[in-house]
Structure formats: C-alpha cells, structure tokens
Engineer: 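Have a look at the structure that comes next, please.
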Amino acid sequence: MTKKVRVRFAPSPTGGLHLGGVRTVLYNYLFAKHHGGDFVLRIEDTDQTRYVEGAEQYIYDCLSWCGLEPDESPLKGGPHVPYRQSERKAMYYQYAKQLVDAGYAYYAFDTPEELDAMRANLKTEANPTPQYDGKIRMQMRNSLALGMEEAQRLIDAGTPYVIRIKMPQNEQVVFTDMIRGEVHFDTNLVDDKVLLKADGMPTYHLAVVVDDYLMQITHAFRGEEWLQSAPVHILLWQYLGWGDAMPQWAHLPLILKPDGHGKLSKRDGERLGFPVFAMNWKDPKTGEETQGFRERGFLPEAFINILAMLGWNDGTEQEIFTKEELIAKFDIGRVHKGGAKFDYEKAKWYNHQYIQRKTDAELIPLVKPYIIAQGATTDDAYLEKVIALIKERCTLLPDFWEQGHFFFTTPEIKELAAITDKWNEQKKTFFESWAAGLDGITNWTHEAIEASFNEVMAAQGLKKGDVLLPLRIMLVGGKYGPGVFQIAEMVGIEELRTRIQSAIN
RNA sequence: GCCGCGUUGGUCAAUCGGCUAAGACGCCUCCCUUUCACGGAGGAAUGACGGGUUCGACUCCCGUACGUGGUACCA
C-alpha cells in the first residue's frame, strides 16, 4: 500500500509572490490533487531579519484568489501544527544535537569576522569563493578542531555557536529527480552548511528536512535554485535515520526574463510594463507598490492556465485548461527541464480567451467595479447588453471601460478631424434632418434606426462612406467600437440627439 | 574560478531513431467589416557547433560553445 500523497509549499514571508512562486504552488497543488493527496502551506520564517509585515497574509490572499487553497496551513491548522517555523523553533535543536552526537555535525564558534577573514585569506583567482569545508574546518574554531571538552566549556560559558553539518569526504550523492532523472554530486565540493544558527533558529536546510519528515511529505517540489543544496538535504535524511521516508524530489525550471538573461524579477516587470506578482504588493517599509496580475485585470483561471503552460503541456495541442482538467492531466514527469522566458503577449491572449468563454452574465460582477471606479453608474441589465456588444474586443478587465465608456457617459471627441476634414453643408443638413426625424421611429431598435438613417441619407444623395464615420465619431469619440446603430439603440434617442447636436456645433 | 542544470523558429513548444520537424503567441499579406476588434485564408521564420554510434539522428554518446542556477548564521 502506498502512502497518501502529501506536498507542501513553503514560502518565506518576505514580499510579494511572483510568477515562479505561484507556479510552484500550482504544480504542487495539481500533483497532490491528481493523486488525491494533501497540499500543505508552511511558512518558513526562520530569518527574522527578513520578516516583512503583511507578507504572510498576502500569501493567503494570493492562494485564495488563484483558487489553490491549502488543506493545512497556519491559518487553517491541521494535524501537524504549528505550520509556522518560527513557532516550531524548539523542535529543531534536538535533531541538530542528535546529529552532533552521532558525529554528523559539529559546533562552530567562528564569528562573522573570523569567517570573513578566512574567506579573504583563502581567496585566490582560482578559488574566488572559499568554502567552510573539509579542507579548512580543522583550522577553524569548532568542536572538531578544539575537541568536545573545550567546545562544551565554550558553550557553558555562553559563547555563541552554530551547528554545521560535517560533509563526508570522497562520496557521491546520487538521487533521482522526477524531472531531471539521476543527478550526481561530489561531497568534496559541498561546504559544511550551517544547520542551526546562533539565535537557535534552524536554517532552511535543517528546517525543510525536519518539517518534511514530521509533516510526512511524500513529494518535495521546489525551484531549480535548490538543486545544488539537495545533497545536503539527502544526507540529512540519512543521518537522521529517516532515509526510507525521504520524499521524492522534483526541481522545477526557472521562469526567465523575456528579454536579456536571468531569472524574472520584480524589476523586469516594471521595466517592461507587465506585472510579475500575483496581486498588488505594497512594501510596508518603502511604501513602494508593485502591480499584480489581479489588479491588471487578469482572471484567476487564466492566470493559473498561463502558469501551468509555462514549463508543462499534456502533449496534445490543447492550451486552454480548466483547473479540473489540469488536475486530471497534470504529470510532473512532463515538466520541462529548461527554463522558460515569460511572454506577456501570450499571457494576454489567454486572458482574452477566458473572457470570451465567460457568459455575459458571469462578466457583470467582474466588469462592474471598473465602471463604478470611473464614476459612472449602470444597472445589470444594461451592463449585460454592453458586455455582449464589446467583450470580444476586451483582453483585460479594464478594457471594458476603454471599449465601452461611451455607453455610460458622453464621450469626448478625440478624432474630430475625421468629421471636419470633409465636412460640408450637405452633411450638416443631413444630420440635422435625421436627428429631427428620430421621433418617427416607432420601435427603437438598431435595425429601425439604421433603416431611418439609410432613408434620409439616400433622399439627400449621400453615401454611407460620407456620413457613417462622422456618426461614429459623434457617438464614440474615436474610430472604434461596435456597430454605430447598436450604440445608438443603447444610448437612446435623447442622448443620440445630444451627441449629434453638440458635434455639429 | 569551481560545481549543477539546460539548449527545436523572436517566444511557448510537439517529437521519445524514420521529418517533407505539429500547434499556439507575436509579425506580414489578403478576405470579412465603409470604424476598431473578432473571425476566416495564406505567408515568413526553427533542430547551437564539432565528432561519434546507427541502414537511418532533432532524437543516443562524447567534446566545445552559449545560457542559467549555486557557491551566506537568505530562503
């Protein structure tokens, strides 16, 4: 019998959640749900110097907006409380101690200054970043070099210390990554990572393995930036005696900048004009606000679809997937090895597709806030008709105002030249007489309005090419929008007259 | 520097030894629409490079180049 699948997303509450983070959540979530398992959210707040107020709440809000609700979390609780590492602080020491007692780790008393000095002294062109490793540790101030008795004396005297893993010499750490296959590491090239910091908090390295073990995590998915520290984690699982319970690993490819090189960052979004965070994030220290996909007008369904396809596909030509379809079809083995450059144009295309797939009624509550924000008022029945008329030309939610503002307020004429260029008395006469005869239209439908327009036009010897564009400019203010007579029908006879009159004058 | 990982059109990508190398985004042309979109029909554009292995290589192996990540008492 196989264990129930349990995965976790373990962010640090240090700021906004960006695309890569949400995609990591998504792949974890999809994998768990595909296998009928649990998705747990654990907050990795072991570095109090980087703690940012509000960042944890922001994570809950993002997951909620995306529809990726955890089964267990600090908020929701669960069988393995607490889910916040700072609250689990007391649990880690015993495991670090266990490692020291077993000879797999040691106490180190080196001050930050001593570490800097060591790195500075050993730094050469051939070795620009010296490590605290098997070659150097006997020259440092630790329980290996000093002896356990002296170490104990220092500890008793209150000397600050950390606990470091003692990396073995001349060993190969080999493991199978679900995405990359077999990966090899030479232990001589890995440093003696700090496991427990001087403040008693564990580092990520200790905390992940302890918590993954205690929380019975079966599959650990994380970004590729963690791949190099995997051998430390694997050794820890063995040294702690939990080798049989170790989760299967998968290191996800990175999401890269669309231009240039490197990981996608917040700055790239600002530079290139697209969001990088899921939702707006305001840094409480600097007050700086970064726009998110939600506020930009993306639908959450589109957002997760975009992310799902950035590094994965099901092998068919299908590109639009509901969350349920993603759950049914997701296969971690089909995730790509290489990073993907983010393409904002494609992201917009997805959102456009999702808007088209929504019914007009479903769009009402999504569009309404944008109308109200502009100071306009509307009722649902009217809004629904407007949506039907303009949704195919809307890509992001704010486009509904851009493309439909003239249904709610009298537009400013922005392309006046389109009327005045070939304007003459004959046209003026035409608009005046047509406007005057509007009362004669018995049923106010766009067909009837158009028929009346054509009738007057023909009677005065004009052609559509002469007067249709001017009418559009009068009604819309620019050369865009749905059929002019449909707009006329919607705004009503009074408003139609008003717009014609004010344009003529 | 060292180590890990990667490399199919501008971008996302299919292919798991038989390729005249899918599809999508974007771009271009035309049609539709006397607006702008949508839609429809076309088009340009791809296997980093060099060696092997093989009847046959985009697919397997080895180099090289390039990219990317790591090299913290940060995650």
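Remember, it's a predicted structure, so these values are computed and weren't measured experimentally. Residue numbers begin at 1 in each chain, while the letters A, B, ... track the order of the sequences.
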Engineer: Round to the nearest Å and state the distance from A/Phe342 atom CZ to B/G10 atom P.
Structural biologist: 20 Å
Engineer: Using a cut-off of less than 4.0 Å, is there contact between a side-chain N or O of A/Arg119 and OP1 or OP2 of B/C73?
Structural biologist: yes
Engineer: Give a yes or no on whether a donor-acceptor pair under 3.5 Å exists between the nucleobase atoms of B/A24, that is its base, and the side chain of A/Lys346.
Structural biologist: yes
Engineer: Across all strands, who's sitting opposite B/U33 as a Watson-Crick or G-U wobble pair, both distances under 3.5 Å?
Structural biologist: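 Paired with B/U33, as far as the under-3.5 Å criterion goes, is no nucleotide at all.
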Engineer: Please check the phosphate of B/A75 (OP1 and OP2 only) for any side-chain N or O of A/Thr46 closer than 4.0 Å.
Structural biologist: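 The answer is yes; a side-chain N or O of A/Thr46 sits under 4.0 Å from OP1 or OP2.
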Engineer: Is there a side-chain polar atom (N or O) of A/Arg164 under 4.0 Å from OP1 or OP2 of B/C73?
Structural biologist: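 Yes, A/Arg164 has a side-chain N/O under 4.0 Å of OP1/OP2 on B/C73.
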Engineer: Think A/Arg472 has a side-chain N or O under 4.0 angstrom from the OP1 or OP2 of B/A37?
Structural biologist: no
Engineer: Can you confirm whether A/Glu301 sits close enough to A/Arg357 that some side-chain heavy atom of one is under 4.5 Å from a side-chain heavy atom of the other?
Structural biologist: no
Engineer: So, is A/Lys341 close to the B/A13 phosphate, meaning a side-chain N or O under 4.0 Å from OP1 or OP2?
Structural biologist: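 No, because none of the side-chain N or O atoms of A/Lys341 sits under 4.0 Å from OP1 or OP2 of B/A13.
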Engineer: What about A/Gln228: does its side chain form a donor-acceptor pair under 3.5 Å with the base of B/G69?
Structural biologist: yes
Engineer: Hey, is the side chain of A/Lys479 poking within less than 4.0 Å of OP1 or OP2 on B/A37, counting only N and O atoms?
Structural biologist: no
Engineer: Hunt down the Watson-Crick or G-U wobble partner of B/U20, both distances under 3.5 Å, from any strand shown, or write none.
Structural biologist: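 The base-pairing partner of B/U20, which may sit in any strand shown, does not exist here.
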Engineer: Any side-chain N or O of A/His336 under 4.0 Å from OP1/OP2 of B/A14?
Structural biologist: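 So the side-chain polar atoms of A/His336 do come within 4.0 Å of the phosphate oxygens OP1 or OP2 of B/A14, strictly under.
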Engineer: Please determine, for B/G63, whether a Watson-Crick or G-U wobble partner exists with both distances under 3.5 Å, and give it or none.
Structural biologist: B/C49
Engineer: Would you say A/Asn313 places a side-chain N or O within less than 4.0 Å of OP1 or OP2 belonging to B/C12?
Structural biologist: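 No.
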Engineer: Could you please name the partner base of B/U71, counting Watson-Crick and G-U wobble pairs only when both distances are under 3.5 Å?
Structural biologist: B/G1
Engineer: Please report the distance, rounded to the nearest Å, between OH in A/Tyr350 and P in B/C25.
Structural biologist: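 My rounded result for the distance is 10 Å.
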